[in-house]
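Structure first, commentary second.
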Amino acid sequence: MRIGILTSGGDAPGMNAAIRSIVRVANNHNVEVWGIKYGYKGLINEELIKLDNFIVDDISEKGGTILKTARCLEFMEESGIKKAIRTLKKFNIEGIIVIGGDGSFKGAERLSKSGIRVVGLPGTIDNDLNYTDYCIGFDTTLNTVLDCIGKIKDTDCSHEKTTIVEVMGRYCGDLALYSALAGGGEIISTPERKLDFDMICNQLDKNIRRGKTDNVIIITEKMYPIEELQKYIEGKLKISLRNTVLGFVQRGGSPSAFDRVLASKMGVRAVELLLRGSTEKAIGIRNNKIIHINFNEVNNERMIKEKEYDLLNVLL
Ligand code: ADP
């Protein structure tokens with residue numbers, strides 16, 4: 001049997017650990033593995049390389065993805081999917097493992113409707129796939145965010161300043177939420193629990209009045225322009241603020257042990273499913289157990305993590 005792997009959409013630390021696990025487990029079952037470069041783009045353009053145990057030596061500790069990743073508009077069209085299938089047939093690849101986020105899973109589902117066996121691994125720092133407690137990359141990025149905020153706090157404390165910190169997450173507030181739960185911020189606004197400018201001012205004012213002169217306000221990206229929020233608070237409370245957009249530093253770095261182990265376990269399940277002849281499956285982790293569900297059960301509606309937000313109310 002011959003299988004393929006691709007990484008697609010935004011890169012996430014831990015993708016390489018997943019690739020290593022898939023290659024090693026597959027080779028152990030005498031299954032040949034081909035790496036498809038640049039996500040669906042490489043599938044259309046026939047950019048494939050054979051992967052072996054040696055190639056995946058020492059890749060677990062590397063951030064990013066050795067297979068590269070890309071966004072591919074052509075794959076959203078029927079003609080793109082047809083080309084991808086042609087490539088898979090040409091290379092005698094019977095099943096593929098797609099490591100990516102929500103968008104990549106939509107592509108994977110469409111591909112699986114065309115008779116190719118497809119299994120998906122959730123690789124996204126945003127943690128925006130609801131069916132799984134954790135996505136590969138989220139833990140590493142969370143630690144990066146906390147590290148950056150810790151550094152900001154040192155200088156904020158010395159100058160008695162407040163900083164607004166914008167973190168990634170697209171339309172999911174998990175990075176902001178978990179950063180605040182871990183002690184990274186005093187005020188938090190996420191797509192799931194969005195605070196308006198006045199609510200943020202009131203909270204900050206309260207903190208300052210009780211003697212907390214350095215504060216970190218964490219906001220998820222894409223909610224409001226950070227400078228606008230800064231100016232509003234400065235005007236209303238007559239204080240000066242700092243702002244920091246953490247940006248792409250959040251994507252990089254050596255994956256945490258948690259992400260490496262998670263990716264490795266998910267990789268095992270992916271190979272097992274393909275060997276069993278399964279298809280259209282998305283792998284996840286729930287209550288510390290590796291699970292899989294059908295692609296059509298993957299639901300990207302925002303779900304509010306009530307327990308975590310309740311805890312935040314107590315902690316902040
Ligand atoms: P992520 O997987 O990180 O959410 P994107 O949303 O950018 O990233 O999706 C990655 C790629 O998945 C897209 O560039 C496209 O090739 C493919 N894709 C996304 N949505 C679809 C779709 N509805 N049909 C087919 N392919 C899709």
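Indexing begins at 1, ligand by ligand and atom by atom, following the structure's order.
In this structure, the protein non-hydrogen atom closest to atom 6 (O) of ligand 1 is Gly103 CA, 3.4 Å. For atom 8 (O) of ligand 1, the nearest non-hydrogen atom of the protein is Gly9 CA, 3.4 Å. With hydrogens left out, the protein atom closest to atom 21 (C) of ligand 1 is Met76 SD, 3.4 Å, a heavy atom. The closest protein non-hydrogen atom to atom 3 (O) of ligand 1 is Gly10 N, 3.2 Å.
Polar contact with ligand 1: absent for Ala70 (N/O pair, distance under 3.5 Å).
Residue-ligand proximity, Tyr40 to ligand 1, at heavy-atom distances under 4.0 Å covers atoms 12 (O), 16 (O), 17 (C).
The option from Ala84, Gly80, Ala108, Ser104 that lies nearest to atom 2 (O) of ligand 1, judged by heavy atoms, is Ser104.
The 12-atom threshold is not exceeded at NZ of Lys206, counting heavy atoms of other residues, nucleotides or ligands nearer than 6.0 Å. Environment of OH in Tyr134: sparse, with no more than 12 heavy atoms of neighbouring residues, nucleotides or ligands closer than 6.0 Å. Tyr171 OH: 12 or fewer foreign heavy atoms inside a 6.0 Å radius.
Classified by interplanar angle (parallel below 30°, tilted 30° to 60°, perpendicular above 60°), the ring pair Tyr40/Phe75 is parallel.
For the residue pair Leu111 and Ala84, the shortest heavy atom distance occurs at CD1-CB, 4.4 Å.
Residue contacts with ligand 1: Arg170 is included, with a non-hydrogen atom under 4.0 Å away.
At a heavy-atom distance under 4.0 Å, atoms from both the backbone and the side chain of Arg71 approach ligand 1.
The only option from Arg269, Lys281, Glu280 that meets the side-chain hydrogen bond (donor to acceptor under 3.5 Å, both in side chains) definition with His292 turns out to be Arg269.
A salt bridge (charged side-chain N to carboxylate O under 4.0 Å, His left out) check over residues 153-167, counting only residues at least two apart or in different chains, returns the pairs Lys153-Glu186, Asp156-Arg242.
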